[in-house]
Number of protein chains: 2
Amino acid sequence: MLLMPSDLAAPDDNAELVYMRVADDIAARIASGELTPGTRLRSERDLAEHYGVAYGTIRRATKVLRERGLIETIHGRGTYVR
Amino acid sequence: MLLMPSDLAAPDDNAELVYMRVADDIAARIASGELTPGTRLRSERDLAEHYGVAYGTIRRATKVLRERGLIETIHGRGTYVR
DNA sequence: GGCGATTTGTACGTATGTATT
DNA sequence: CAATACATACGTACAAATCGC
């Protein structure tokens with residue numbers, strides 16, 4: 001994807017891992033208020049295409065965000081900002 | 001993984017190879033009746049974690065078992081005892 | 001209730017890079 | 001150098017849940 005390995009800040013360790021960079025990017029958009037609670041994210045397949053990564057990589061990224069409590073995913077519905 | 005290099009018997013040549021030891025272990029469980037025909041094995045990724053080896057190593061092990069006719073693998077479904 | 005479209009969930013298949021032997 | 005093994009990522013197939021019609 002297009003994100004650079006580092007732009008001054010270090011949002012997370014393992015920033016060299018693609019799925020971590022994706023997770024950090026989405027987390028930053030939530031923190032900035034660009035994505036507000038209740039908002040539904042695009043489908044995981046769309047996100048994969050958007051970031052230019054594989055579906056499995058998005059799965060890993062969203063798993064991180066779920067574990068951080070930032071999002072919630074419902075089978076058959078979608079992924080929501082909390 | 002936990003299997004010892006040898007316990008008296010030599011189920012296979014190259015028992016020092018990790019993927020062969022995994023293949024032998026699964027083959028032994030089939031031979032013993034612990035795994036019966038039609039049974040679905042755990043996913044290859046799960047097996048990798050279970051044995052404490054890399055995914056590619058499980059791929060090698062299951063390839064051996066497929067070639068022996070002991071298991072059958074279906075893309076997107078799973079691996080079954082024959 | 002059925003049916004199709006959308007979406008998440010799970011699983012196999014392949015490629016690449018690094019390290020070790 | 002070649003084979004083994006690890007780790008990550010990309011790609012594809014199949015399955016299940018939800019929703020609107």
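First the proteins, then the strands, lettered A, B, ... as listed; each starts at 1.
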Novice: Grab the N/O contacts between the protein and nucleotides 12-14 of chain D below 3.5 Å, and write none if there aren't any.
Specialist:
{"residue": "D/dT12", "atom": "O2", "partner": "B/H75", "partner atom": "NE2", "Å": "3.1"}
{"residue": "D/dA13", "atom": "O4'", "partner": "B/H75", "partner atom": "NE2", "Å": "3.3"}

Novice: If you round to the nearest 0.5 Å, how far is OG1 of B/T39 from CD of B/E34?
Specialist: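 Answer for the CD-OG1 pair, B/E34 versus B/T39, is 10.0 Å.
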Novice: Roughly how far, to the nearest 0.5 Å, is OH of A/Y51 from CD1 of A/I26?
Specialist: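 It is 4.0 Å, given to the nearest 0.5 Å.
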Novice: So, is B/T79 close to the C/dA11 phosphate, meaning a side-chain N or O under 4.0 Å from OP1 or OP2?
Specialist: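 For B/T79, the contact criterion (side-chain N or O under 4.0 Å from OP1 or OP2 of C/dA11) is not met.
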Novice: In whole angstrom, give the distance that lies between atom CZ of A/R40 and atom P of D/dT18.
Specialist: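 Checked: the CZ to P distance equals 15 Å.
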Novice: What integer distance in Å separates B/I58:CD1 from D/dT8:C1'?
Specialist: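 Value for this atom pair: 17 Å.
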Novice: OP1 or OP2 of D/dC6 less than 4.0 angstrom from a side-chain nitrogen or oxygen of B/T57, does that happen here?
Specialist: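 Yes, B/T57 has a side-chain N/O under 4.0 Å of OP1/OP2 on D/dC6.
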Novice: Answer yes when A/E44 and A/R59 have at least one side-chain N-carboxylate O distance shorter than 4.0 Å, and no when they do not.
Specialist: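 Salt bridge present between A/E44 and A/R59.
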Novice: Output the rounded distance in Å from CD (B/E49) to C1' (D/dC6).
Specialist: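 After rounding, the reported distance stands at 14 Å.
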Novice: Output yes when B/E49 and B/R45 qualify as a salt bridge under the 4.0 Å nitrogen-oxygen rule, no when they do not.
Specialist: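 Answer for the salt bridge query: no.
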Novice: Could you check whether B/D24 pairs with B/R68 (Lys NZ or Arg NE/NH1/NH2 to Asp/Glu carboxylate O, under 4.0 Å)?
Specialist: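 Counted as a salt bridge, because a side-chain N and a carboxylate O are separated by less than 4.0 Å.
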Novice: Without decimals, in angstroms, what is the distance between A/E44 CD and D/dA17 P?
Specialist: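 In whole Å, D/dA17 P and A/E44 CD are 16 Å from each other.
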Novice: Under a 4.0 Å N-O cut-off, is there an ion pair linking A/R29 with A/D25?
Specialist: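 A/D25 and A/R29: salt-bridged.
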Novice: Calculate the interatomic distance between A/R59 atom CZ and C/dA11 atom C1'; express it in whole Å.
Specialist: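 Going from CZ in A/R59 over to C1' in C/dA11 covers 12 Å.
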Novice: Take the protein atom NZ of B/K63 and the nucleotide atom C1' of C/dC12, then report the distance between them rounded to whole Å.
Specialist: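 The distance from NZ of B/K63 to C1' of C/dC12 comes to 16 Å, rounded to the nearest Å.
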Novice: Roughly, in whole Å, what's the span from OH in A/Y80 to P in C/dT7?
Specialist: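 Going from A/Y80 (OH) to C/dT7 (P), I get 10 Å.
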Novice: Nearest-Å distance, CG (B/L17) to C1' (D/dA2)?
Specialist: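 It is 13 Å, rounded to the nearest whole Å.
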